[in-house]
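Input: a single structure, listed below in structure tokens.
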Amino acid sequence: MAINIKKCSIEDTHKLQEISCETFYETFKHQNSPENMNAYLEKAFNLNQLEKELSNQYSQFFFVYFHNEVAGYLKLNTDDSQSEDMGDEALEIERIYIRNKFQKHGLGKYLLNKALTIAMEANKKKIWLGVWEKNENAIAFYKRMGFVQNGTHSFIMGDEEQLDLIMIKALI
Ligand SMILES: CC(=O)SCCNC(=O)CCNC(=O)[C@H](O)C(C)(C)COP(=O)(O)OP(=O)(O)OC[C@H]1O[C@@H](n2cnc3c(N)ncnc32)[C@H](O)[C@@H]1OP(=O)(O)O
């Protein structure tokens with residue numbers, strides 16, 4: 001099969017840093033200053049930070065492969081690792097990032113379905129995420145996948161406070 005998935009471990013820290021920086025940069029470089037981008041990349045994706053997140057029992061990372069090449073990744077949080085206090089019955093998709101050249105091939109949907117399966121197996125009642133209000137592609141993707149907006153929260157990008165839409169899908 002062309003698509004495969006692998007759960008990341010601490011050995012994947014460098015590869016995770018590489019794909020995290022690459023995909024974040026190509027997604028947001030046109031709408032943010034280089035200073036703010038660099039500040040965020042350094043803060044969010046330095047090796048110590050990623051090692052800490054990979055060791056967190058309430059976070060999980062996955063790589064998705066397309067024809068054996070890493071095409072994107074997924075980060076999930078539960079319990080206290082969630083970016084907002086959504087409670088024990090919720091699962092957060094903190095990041096779904098597909099490299100540019102692999103987008104629109106069904107890989108985002110594949111990772112989203114992986115998140116849904118994990119949430120249902122853990123008897124979660126809802127799955128949620130925060131997405132930048134200006135990220136129209138991702139918002140359209142999540143709507144297509146059945147998420148609805150339910151509130152907002154702040155997101156700090158360098159010296160700028162940005163608005164994230166909170167989007168939720170109920171699981172019954
Ligand atoms: C919580 C967060 O991580 S927010 C940040 C999200 N990530 C990003 O913005 C990074 C850059 N973008 C990406 O990584 C990807 O484009 C994603 C994750 C948004 C979508 O993944 P893709 O692999 O491109 O989408 P995929 O091909 O799986 O599309 C699934 C469905 O959504 C639809 N879709 C995807 N993008 C769009 C869009 N921009 N507008 C409308 N529909 C869309 C597809 O048509 C498809 O519909 P179908 O099931 O009826 O065929």
Side-chain angles (χ1 to χ4, degrees), residues 1-6 8 15-32 36-37 40-41 43-45 49-50 53-54 56 58-78 81-86 90-119 124 126-158 160-171:
M1 189 170 133
I3 304 177
N4 288 297
I5 192 164
K6 187 195 95 152
C8 300
K15 203 192 282 180
L16 180 62
Q17 183 186 47
E18 206 176 298
I19 192 166
S20 300
C21 290
E22 177 192 320
T23 52
F24 194 89
Y25 186 75
E26 66 189 11
T27 303
F28 299 116
K29 66 179 173 185
H30 299 298
Q31 293 165 291
N32 291 280
N36 283 347
M37 288 292 288
Y40 185 83
L41 291 174
K43 178 167 159 254
F45 303 132
Q49 178 63 27
L50 291 178
E53 293 178 17
L54 281 161
N56 184 329
Y58 297 121
S59 294
Q60 305 182 60
F61 289 84
F62 298 87
F63 288 144
V64 64
Y65 295 82
F66 193 64
H67 292 288
N68 298 322
E69 198 177 340
V70 182
Y73 76 103
L74 169 70
K75 182 184 181 197
L76 304 178
N77 297 321
T78 60
S81 291
Q82 297 176 91
S83 318
E84 291 284 330
D85 182 11
M86 292 286 193
L91 178 140
E92 177 187 13
I93 297 179
E94 188 182 344
R95 301 187 195 275
I96 293 189
Y97 282 78
I98 305 295
R99 295 167 71 195
N100 263 357
K101 67 172 176 169
F102 294 105
Q103 288 175 12
K104 306 272 163 74
H105 287 67
L107 295 171
K109 186 174 180 173
Y110 184 88
L111 287 180
L112 195 93
N113 284 335
K114 175 74 179 175
L116 287 171
T117 302
I118 289 174
K124 301 296 182 193
K126 63 183 172 188
I127 185 160
W128 72 278
L129 55 94
V131 55
W132 188 26
E133 60 174 341
K134 294 187 180 167
N135 190 348
E136 290 173 8
N137 279 327
I139 292 169
F141 164 74
Y142 292 124
K143 280 187 181 157
R144 181 85 190 95
M145 297 291 106
F147 285 74
V148 291
Q149 193 196 333
N150 187 314
T152 58
H153 71 185
S154 290
F155 176 86
I156 304 299
M157 170 78 106
E160 193 183 321
E161 186 173 345
Q162 302 184 342
L163 195 69
D164 272 5
L165 310 185
I166 304 269
M167 299 185 77
I168 293 188
K169 185 179 167 85
L171 306 173

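These figures come from a predicted structure and were not determined experimentally. Note that the numbering runs from 1 along the sequence shown for the chain. Whatever order the structure lists ligands and atoms in, that order sets their numbers, starting from 1.
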Please check: side-chain N/O of Q162 versus main-chain N/O of M157, any donor-acceptor pairing under 3.5 Å? no

What atoms of ligand 1 come closer than 4.0 angstrom to any heavy atom of A138? 6 (C), 9 (O), 19 (C)

Any donor and acceptor pair, going by atom type alone, linking the side chain of N135 with main-chain N or O of V131 inside 3.5 Å? no

Please find the pair of heavy atoms, one from A115 and one from L91, that lie closest to each other, and give the distance. O-CD2, 4.3 Å

Checking contacts now, so for atom 7 (N) of ligand 1, which I'm interested in, is there any protein heavy atom under 4.0 Å? yes

Kindly state if atom 18 (C) of ligand 1 has a protein heavy atom within a strict 4.0 Å cut-off, that is, under 4.0 Å? yes

Looking only at atom types and distance, does a side-chain atom of E92 sit under 3.5 Å from a main-chain N or O of S83, one as donor and one as acceptor? yes

Atom pair NZ/CD of K143 and E136 - distance to nearest 0.5 Å: 9.5 Å

To which of Y97, F147, Y142 does the heavy atom nearest atom 2 (C) of ligand 1 belong? Y142

Is there a heavy atom in T23 that sits closer than 4.0 Å to ligand 1? no

Side-chain heavy-atom pair L129, D164 within 4.5 angstrom cut-off: no

May I ask you to identify the nearest protein heavy atom to atom 51 (O) of ligand 1, giving residue, atom name and distance to one decimal place in Å? K109 NZ, 4.4 Å

Any N or O of I98 that comes nearer than 3.5 Å to an N or O of ligand 1? yes

For V70 and R99, work out which heavy atoms get closest and say how close. O-NH1, 2.7 Å

I96 N/O to ligand 1 N/O under 3.5 Å: yes

So how far is it from Y25 OH to M37 CE, rounded to the nearest 0.5 Å? 6.5 Å

Show me which atoms of ligand 1 lie under 4.0 Å from any heavy atom of N135. 5 (C), 8 (C), 9 (O)

Quick one: which ligand 1 atoms are inside 4.0 Å of a heavy atom on T27? 9 (O), 10 (C), 11 (C)

Below 4.0 Å from any atom of ligand 1, is there a heavy atom belonging to G72? no

Pairing donors with acceptors under 3.5 angstrom, does anything connect the side chains of Q103 and N137? no

Identify, by atom number and element, the atoms of ligand 1 in contact range of A140, meaning under 4.0 Å from any of its heavy atoms. 38 (C), 40 (N), 41 (C)

Can you list the ligand 1 atoms lying under 4.0 Å from a non-hydrogen atom of E94? 1 (C), 2 (C), 3 (O)

If only side-chain N and O atoms count, and only distance matters, is there a donor-acceptor pair under 3.5 Å linking W128 with Q82? yes

Number the atoms of ligand 1 from 1 as they appear, then name those within less than 4.0 Å of a heavy atom of I93, with their elements. 1 (C)

Identity and separation of the nearest protein heavy atom to atom 39 (N) of ligand 1: N137 OD1, 2.9 Å

If you have a sec, work out which protein heavy atom is nearest atom 13 (C) of ligand 1 and how many Å separate them, to one decimal? Q103 NE2, 3.5 Å

How are the rings of F24 and F45 set to each other: parallel, tilted or perpendicular (split at 30° and 60°)? perpendicular

min-distance protein heavy atom vs atom 48 (P) of ligand 1 -> R144 NE, 3.8 Å

Chi angles and distances behind the side chain to side chain contact (heavy atoms under 4.5 Å, CB included) call for I166, M86: CA-CA 11 Å; I166 304 269; M86 292 286 193; 3.8 Å; yes

State, without any angle test, whether E53 and S59 hold a side-chain donor-acceptor pair at a distance under 3.5 Å. no

With a cut-off of 4.0 Å, which atoms of ligand 1 are near a heavy atom of G106? 26 (P), 27 (O), 28 (O)

Looking only at protein heavy atoms, what sits closest to atom 21 (O) of ligand 1 is G108 CA, 3.4 Å

Option whose closest heavy atom lies nearest to atom 31 (C) of ligand 1, chosen from K104, M167, M145: M145

Ligand-side contact atoms (ligand 1) for residue partner R95, heavy atom cut-off under 4.0 Å: 3 (O)

